[in-house]
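Convention: sequence-line order gives letters A, B, ...; per-chain numbering from 1.
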Amino acid sequence: MKPPGTRLRALAARLLPASTMDYLVDPAIADMQAEYEDASRGGLTWRKLWICLRGYVAFFTMIVAHRRAVNETSGGWAPFRGLSLDVRLALRLLVKHIGLTVVATVAMAFAIWSGIVAFEFYTQIMRPALPLDGGARIVGMVMVDTANPAERSPTLHDFVTWRDALTSVQELAAYRERNWNVIVGDAAPEPVAVAEITASTFRVVRERPVLGRPLVDGDEKTGAPWVVVIGHDVWQSRFGSDPHVIGRELRLGNVPHTIVGVMPEGFRFPVAHGFWVPLRLDPVDYPRQQSPGLRVFGRLAPGATLEAAQPELTVLGATAAAAFPDTHQHLEPRVVPYIESIFGRFSADSTTEVFMGNLLSVLLVFLVCGNVALLMFARAATRENEILVRTALGAGRRRIMGQLFVEALVLAMVAALVAVTFAQLAWHSLFAMVTENMFENRVPFWMHSSVSPRTLVYAGLLTLVAAAIAGLLPGLKVTRGIATGLRQSSPGGGGLRFGGIWTVLIVMQVAVMAVVPTPVIATYRDAGKWARAANAGLAAEQYLAVTMAMDGEKVPGEADPTFTRRFAAATQELERRLEAEPGVTGVTGATVLPLMDHPWRRIEVHDGSVAQGERTDSPRYVSSTRVALDFFDVLDAPILSGRAFHSGDLQPGARTVIVSQSFAQVVLGGNNPIGRRIRYSNAAPQNATRSADGSWHEVVGVVGDVGVVPDPDGRDLKAARIYHPLTPGGSHPVRMAVHTMGDPLLFAPRLRSIARDVEPTLQISEIARFDQVAAAGGRTMTLLFWLFLALALVVVLLSLTGIYSVLSFSASQRTREVGIRVALGGRRRHVIAVLFRRPLTQIGLGILIGLLGANVLSEGNMVRVIALYGCVVIAVSVLATLGPVRRALRIQPLDALRAE
Amino acid sequence: VTGSHPRVLTLSPKELLVLELLREQDSYGLQLVAASTGRLKRGTVYVTLGRMEEKGYITSKLEAAPSGVGGLPRRIYASTPLGRRMFAAWTSGAKQLVPEFGR
């Protein structure tokens, strides 16, 4: 056995110069070994352990002591010579000027935090990486339609051709997504996304199950038993992590499947899946024109690249175009990175937007640090004499600037620490919000809700930039002409002055302070609207919102009469059964329920003769939805004029609509809408629904606003809504509103149970109370409000501190002048006026520019609020001047003259 | 200790203590730590000893480890004539300045 300390000696040989081994390391280790040997003779195990532990601690203390001794002797490595002194001085200054420290830290932390969040967003959304073994070599194949530039899915026939022919991409795999109800034992059915996938997938991703086996080629054969591989989450949540889960059964739709494998934690390939079943498609069963679409992917062969694979695929594409011109004439296959094959390439606009977001966050760092530089400069100015003395004692310009940089760096590092901590917290919320909106809570497996190491490095860079701006700018200014200062300086009247750039900065800063509350108030109003909308026109807490769909082959947008009939029958039966339940007072359906995001459509109003007060400015976008005939009855929405829908409105060619009260107010200027005709313009309706064919619709009724906040000014087009009649089964999926007595959420399990009895393939999802729907909608707005509020607070805090510093600085620079003026009998009022004319002019100019900007930004909607805020800013500025004014007037003439 | 700067003859409190302890007998580093009753530390004593050796206040030699034990040879320290003179000069100077020192 080796004597203790052998490893330490080897470590020391790497950490310390060879010359130290003889006189430093070896004696220490030899003494420790001797002590250990003594303890061994006594057979005291605990004492031996204690000796080793003490020896290790002493060893590291020795290394530190040695380094310190070397530094004291040689002065340290040239670039860092005196660094520890600077750091200590910086820390002392941070404590001494605690006000500046707090303000600057908060401001810089916010700026760095914004940078971190923007960069993390950029890397995860725009530059994602697959967390799989060799993930960068997994590629996807897409079809580009050259006649109508758009990406299309390759078909089963394409996949088979490519799998047999491609050499640069090995192990080609494919999948398609199915939405089926999963039923485990007696549990209620729940719709899930299932990946119908080729067995080769598991070879492409190089992941093994933690239990059982992956899918194998034999599972794809027709007639083979139905098997499923489940994800780790599914195994935990639905099977209680049962170690004997292999061989158990679950039902997907109506088909029982045997579980053959459990994948490891975090594995959710291809996107966010937890169920994998074999893809059993034979090209023989499908004519080419009806070949089902698939997502195709594979792993690049060793040595192959994307660029090398493309020509091979292009040749195959050209061959297919020649052989099957009716389907492939305009199709070009492309090989692209895997994630791009799923979500498509980000458009130039999106890339620019994300890039601009990052640029803005960097600009914010510059802006904030410019402000902090102003504060640092004001502080440096109060230390003018100290800097002059240091220069006189031989400190060069570089040395003094180095010191100021270190001061700013220490400040920035504290800020960065705060920023990173908050970024970790905030990224979770932002991540949840973004994924909820973008992916409907199905987060792709390559995205993660923690800040990546790459972003931390970026935060480090931002910190350096922040320190450079906040430290070097004042440093340059302070040390400029320092020799002249040495000759001329005298206490109480330094040579430093705010120059033109600083003046512009102060004016802009105050202007920004005046502008910044405008978006805060606007978002606050919007967030408040969401909250109020929940109670506008309906008792939201009494309604349950449910989304219904059905397993089937139906492709969205394709007419399929059989499926539609089945779906209509199932929903009608469910509605009947629900209405028979005690405690349920009504059930109705719609494509979109109140409080949800409605599709926006551009409309035209017929008749030529525009009535007085009608809006003629274009375009007019209003929201629209299709509702069941009893929709307004169940929601207790009063028909204000005209009539409600009846069965005649479902007849082909009926084309009747009911409009909301706000529609009449906002679009028609309060004129009677009954009998008026409207139609949708062709210009790209958002989420276009079925009747976007340009035909005219007659308004037959006006209903009270439901779930929107009425706008008394009649300007808010968001409140204007058009209702079309909805035929049973006419929308898949469809939303159902269930009116209950008591808490509707308590009825949810019963609803699932009834739905299962009515039709096992009926998928019930997105169950929520109406007010929860509103809360979800308002969440984004609320988050935005808090972000703006934080920004506003930082800006206001910085600006007020800046104003205070500038005024204090002005006062301190003119001490002598004030004393002489007072000595000569100058009136206080005049002295104050002379002293603060310039800074107060700057502040006044800033406020004026800011308020004008705020008025433009709010489109004149917030004149009263802005005027009030302007008064507040002026009052705060005056308050900020009080301290410096009192100090300046307290100067005795004799003190001022003695200072000469 | 490395470094090219010439040193003036200085004596830190710790160095004084080492010289005082070495007056009695030659010692290993850890013996000095034990004898100092907590005033010298394990982690810094070898740095101090190395610096004193460089200044010429003490000298050291290696002693082979006992047979059968696979450890490194131990280094034992002794004061030099210069070290003894420095110690005498400091204590006499201190006695003159502060008479209570010698009691």
Side-chain angles (χ1 to χ4, degrees), chain A residues 1-10 12-13 15-41 48 50-78 81, chain B residues 1-10 12-15 18 21-22 26-36 38-78 80:
Chain A
M1 184 185 155
K2 287 181 183 172
T6 312
R7 280 189 195 159
L8 273 187
R9 192 170 187 277
L15 292 176
L16 296 171
S19 58
T20 59
M21 297 299 287
D22 188 38
Y23 77 90
L24 196 66
V25 178
D26 285 350
I29 292 179
D31 279 358
M32 188 178 83
Q33 286 172 345
E35 203 182 12
Y36 186 85
E37 189 56 34
D38 280 349
S40 298
R41 273 198 293 273
K48 285 195 290 185
W50 173 239
I51 288 167
C52 285
L53 185 69
R54 227 165 32 163
Y56 273 71
V57 172
F59 174 78
F60 288 106
T61 317
M62 187 174 75
I63 291 179
V64 174
H66 168 72
R67 289 214 179 276
R68 195 180 294 158
V70 170
N71 282 341
E72 279 171 11
T73 312
S74 64
W77 187 40
R81 204 167 285 160
Chain B
V1 179
T2 56
S4 55
H5 296 276
R7 277 192 175 277
V8 283
L9 285 179
T10 54
S12 72
K14 274 186 186 171
E15 290 170 351
V18 170
L21 293 173
L22 287 179
D26 296 354
S27 302
Y28 303 113
L30 278 190
Q31 271 182 313
L32 290 169
V33 173
S36 73
R39 284 176 291 171
L40 292 173
K41 306 289 179 199
R42 286 164 175 262
T44 53
V45 70
Y46 299 100
V47 179
T48 307
L49 289 169
R51 192 169 59 222
M52 288 177 74
E53 201 166 1
E54 190 196 315
K55 286 178 176 178
Y57 295 164
I58 58 170
T59 183
S60 68
K61 61 181 179 188
L62 288 176
E63 274 189 356
S67 59
V69 181
L72 293 168
R74 295 185 81 178
R75 188 170 284 274
I76 188 160
Y77 300 89
T80 61

Contacts of type side-chain contact (heavy atoms from CB on, under 4.5 Å), residue A:T61, not counting sequence neighbours: A:V57
Quick check: closest heavy atoms across [X] and [Y], and the distance to 0.1 Å?
X     : Y     : value
A:L24 : B:V47 : CD1-N, 3.5 Å
B:G50 : A:Y23 : CA-CD1, 3.6 Å
A:D31 : B:Y46 : OD2-OH, 2.6 Å
B:P73 : A:A30 : O-CB, 3.4 Å
B:L30 : A:E35 : CD1-OE1, 3.4 Å
A:A65 : B:G43 : CB-O, 4.4 Å

Partner chain B: residue of A:A28, A:A34, A:A58 with the largest heavy-atom pair count (under 4.5 Å): A:A28
Partner residues of B:R75 under the side-chain hydrogen bond (donor to acceptor under 3.5 Å, both in side chains) criterion, sequence neighbours left out: A:D22, B:S60
